[in-house]
Amino acid sequence: MEKSIVYAKDLRKQYGGVEALTGLDLAIQPNLVYGLLGPNGAGKSTTLRILSTLTRPSSGQAIVGGFDVAREPGEVRKVIGLAGQDATLDDKLTGRENLRIFGRLSRLGARGARSRAEELLERFSLAHAGNRLAGTYSGGMRRRLDLIASLLRAPAVLFLDEPTTGLDVRSRMEIWDTIRELVADGTTVLLTSQYLEEVDQLASAVGVIDHGHLIAEGSPAQLKSQIGSHIDVVVESSDHLPIAMTVLERLTGQRPEADGSHIVVAAVDVVPTLPQIVRELDASGAAIRDVGIRESSLDDVFLSLTGKTVDSAKPAETQEVVA
Ligand SMILES: Nc1ncnc2c1ncn2[C@@H]1O[C@H](COP(=O)(O)OP(=O)(O)O)[C@@H](O)[C@H]1O
Ligand SMILES: [Mg+2]
C-alpha cells in the first residue's frame, strides 16, 4: 500500500438488499491510467462514488491521496476531481459561466478560478466556444467542459465514470488525448469504460470487476496473454468436425468449441504454429476451408472472465449530433 495513491481494502456497500460491493480490494500506483472494467451492475460506479466521497461504504477502508474517505472526506475532496457520463452543466449558462460556478465551489477565489478556467479552455480547445450557452454544445464539447470543471484545482487523482460513453469516435479520441496529457502532467486517472478498446489504448493497469469485487488484474497485455491465442478452423462440412476437433484438442490440450462448421479453440500454454496445425489436420483427413491463429483481445478476456460479451452487458448507445 505504501506507494498506492488509491487504496481500498475489503470495501462493501449495501443498498437495501442489494450488495453492490462485496469485498473490493484496490491498490493503484500513481501517475497512470487505471481502467476498471466490468459488466453492467458490477459495481464500477459505486466504487468511484465511494472513492470520491459521494457515498459511504457500508464497511471496509479506502485511502485516496493519503486520506481516509470516511474520516477525512474534506481532505480527499481537495486532491480529487470527478467527471462522468452525466455532465452536471447548466444549459442556460455559457461555458465560462459554468466554470465560474465550479470555480467558486472549489474555493479557488474568483480571480484564481477565472485564470485557471481560461487556461483550461485554451488547452482543451474550447476557448472559442466559451461564451456560447452550454445547451448548444455537442456531446463531445459538453464532456470536455465537464472534464475542465473537474480539473480546475489540478487534482492528483481524477475519477472518470464512463467519460466517453455515447460519444462519436472523434470526440472519444479528443477525450483520450486530454487524459493522456493529464497523466503526462502527473495526474492519476481511474476510469471506467464500456469500451474495451479504450481501456486497451489508455490504461497501463486494468481491474476486471464482477459482482462487486475484482476478479482479475494486470496490464492489458498480461490479461490477454492469460487467455492465450485463439485458433479458428472452418471445416468443409460438419462430417469433418469430430476428427478436426480431436486433432485440435491434441495440439492444444484445450477443449474446442464448434458452431456449425466453425471450430474455435484457445491455445494458452502450448501454441502450435500454423503449418503444424495444417499438417496435422491434413494427416487426419479432415477437409479444411480456413485456418487462422489470432491474438486474444480484451473482449476475449472479458468474455472468458465474466461469461458475458461487452455488447450484451452495455446499454443501447446514444447518438450524438456534432456541432
Ligand atoms: N443508489 C442505489 N440504490 C440502490 N441500488 C443501487 C444504487 N446504486 C447502485 N445500485 C445497485 O448496485 C449495483 C452496482 O451498481 P453500479 O455500481 O452502478 O454498477 P456499474 O457502474 O458497474 O454498472 C447494481 O445492482 C445497482 O442496481
Ligand atoms: Mg456505472
Side-chain angles (χ1 to χ4, degrees), residues 6-26 28 33-62 64 69-70 73 76 80-89 139 142-143 146-147 150 157-167 171-172 175-176 179 189-200 202-203 205-218 220 223 298-299 301-318 320:
V6 175
Y7 172 83
K9 184 73 195 160
D10 202 23
L11 276 189
R12 290 167 191 272
K13 177 72 181 179
Q14 273 115 25
Y15 290 110
V18 178
E19 272 198 290
L21 294 186
T22 56
L24 180 91
D25 297 329
L26 277 179
I28 299 177
V33 177
Y34 187 97
L36 205 52
L37 272 182
N40 249 336
K44 302 180 297 294
S45 296
T46 302
T47 304
L48 257 52
R49 288 173 55 79
I50 289 174
L51 295 174
S52 54
T53 77
L54 292 180
T55 190
R56 280 179 164 251
S58 305
S59 67
Q61 194 191 25
V64 175
V69 296
V76 171
I80 65 166
L82 173 68
Q85 199 181 349
D86 308 307
T88 44
L89 303 172
R142 293 176 67 82
R143 223 59 81 76
D146 186 47
L147 201 51
S150 72
V157 185
L158 180 63
F159 297 109
L160 300 175
D161 197 3
E162 298 193 13
T164 65
T165 294
L167 293 185
S171 307
R172 201 175 294 164
I175 301 273
W176 291 2
I179 292 171
V189 177
L190 173 50
L191 68 81
T192 71
S193 181
Q194 307 184 354
Y195 304 113
L196 298 175
E197 188 210 346
E198 174 162 296
V199 173
D200 208 352
L202 286 177
V206 178
V208 182
I209 179 174
D210 200 14
H211 302 298
H213 59 268
L214 278 197
I215 56 171
E217 196 177 43
L223 290 173
L298 276 187
D299 285 271
V301 173
F302 193 86
L303 177 62
S304 130
L305 289 170
T306 69
K308 299 174 190 108
T309 62
V310 180
D311 279 332
S312 72
K314 76 184 178 193
E317 237 178 78
T318 47
E320 88 158 306

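This chain uses plain numbering: 1 for the first residue, then up along the sequence. Start at 1 and go down the list; that is how both ligands and their atoms are numbered.
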Inset, instruction - Using 2.8 Å as a strict upper limit, say whether an N, O or S atom of Ser45 approaches the Mg ion (ligand 2) that closely. - result: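 Looking at Ser45, which is the residue asked about, there is an N, O or S atom under 2.8 Å from the Mg ion (ligand 2).
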Inset, instruction - Apply side chain to side chain donor-acceptor pair (under 3.5 Å) to Ser59 and list each qualifying residue two or more places apart in sequence or on a separate chain. - result: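 Per chain and number, Ser59 pairs via side chain to side chain donor-acceptor pair (under 3.5 Å) with no residue.
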Inset, instruction - Kindly write out the residues that satisfy side chain to side chain donor-acceptor pair (under 3.5 Å) with Arg49, not counting sequence neighbours, or none if the list is empty. - result: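 With sequence neighbours excluded, Arg49 shows a side chain to side chain donor-acceptor pair (under 3.5 Å) to no residue whatsoever.
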Inset, instruction - Kindly indicate whether the side chain of Tyr195, heavy atoms from C-beta on, has any atom under 4.5 Å from the side chain of Thr164. - result: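 In short, these two side chains touch, coming nearer than 4.5 Å.
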Inset, instruction - Taking the side chain as every heavy atom from C-beta outward, state whether Leu214 and Val208 have any atom pair closer than 4.5 Å. - result: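 They are not in contact (no side-chain heavy atoms under 4.5 Å apart), so the answer is no.
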Nearest protein heavy-atom contact for [atom]: which residue, which atom, what distance?
atom	result
atom 19 (O) of ligand 1	Gly43 N, 3.2 Å
atom 18 (O) of ligand 1	Ser45 CB, 3.7 Å
atom 25 (O) of ligand 1	Val18 CG1, 3.7 Å
atom 9 (C) of ligand 1	Tyr15 CE1, 3.4 Å
atom 23 (O) of ligand 1	Gly41 N, 2.7 Å
atom 12 (O) of ligand 1	Ala20 CB, 3.2 Å

Inset, instruction - Answer yes if a protein heavy atom lies under 4.0 Å from atom 27 (O) of ligand 1, otherwise answer no. - result: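 Protein heavy atoms within 4.0 Å of atom 27 (O) of ligand 1 - there are none.
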Legend entry - Between Glu162 and Thr192, a side-chain donor and acceptor under 3.5 Å: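 Short answer, no.
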Legend entry - Selected option - heavy-atom contact closest to atom 17 (O) of ligand 1, from Leu36, Ile209, Thr46, Thr55: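 Shortest heavy-atom distance from atom 17 (O) of ligand 1: Thr46.
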Residue [X] vicinity, atoms of ligand 1 by number, heavy atom under 4.0 Å:
X	result
Ala42	19 (O), 20 (P), 22 (O)
Pro39	22 (O)
Asn40	23 (O)

Legend entry - Sub-4.0 Å heavy-atom approach of Gly38 to ligand 1: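 The answer is no, since Gly38 has no heavy atom less than 4.0 Å from ligand 1.
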Legend entry - Heavy-atom gap Gly16 to ligand 1 smaller than 4.0 Å: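 No.
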Legend entry - Short side-chain to backbone donor-acceptor contact, Lys13 and Gly43, under 3.5 Å: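 No, because the side chain of Lys13 does not come within donor-acceptor range (under 3.5 Å) of the backbone of Gly43.
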Legend entry - Arg56 versus Ile50, closest heavy-atom pair with distance: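 Shortest heavy-atom contact: C-CG1, 4.4 Å.
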Legend entry - Over all atoms of both residues, closest heavy-atom pair of Leu158 and Leu82: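 Looking at all heavy atoms of both residues, the shortest contact is CD1-N, 4.0 Å.
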Inset, instruction - Verify the neighbour count for atom CD of Glu197: are there more than 12 heavy atoms of other residues, nucleotides or ligands below 6.0 Å? - result: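 Counting neighbours around CD of Glu197, 12 or fewer heavy atoms of other residues, nucleotides or ligands fall under 6.0 Å, so no.
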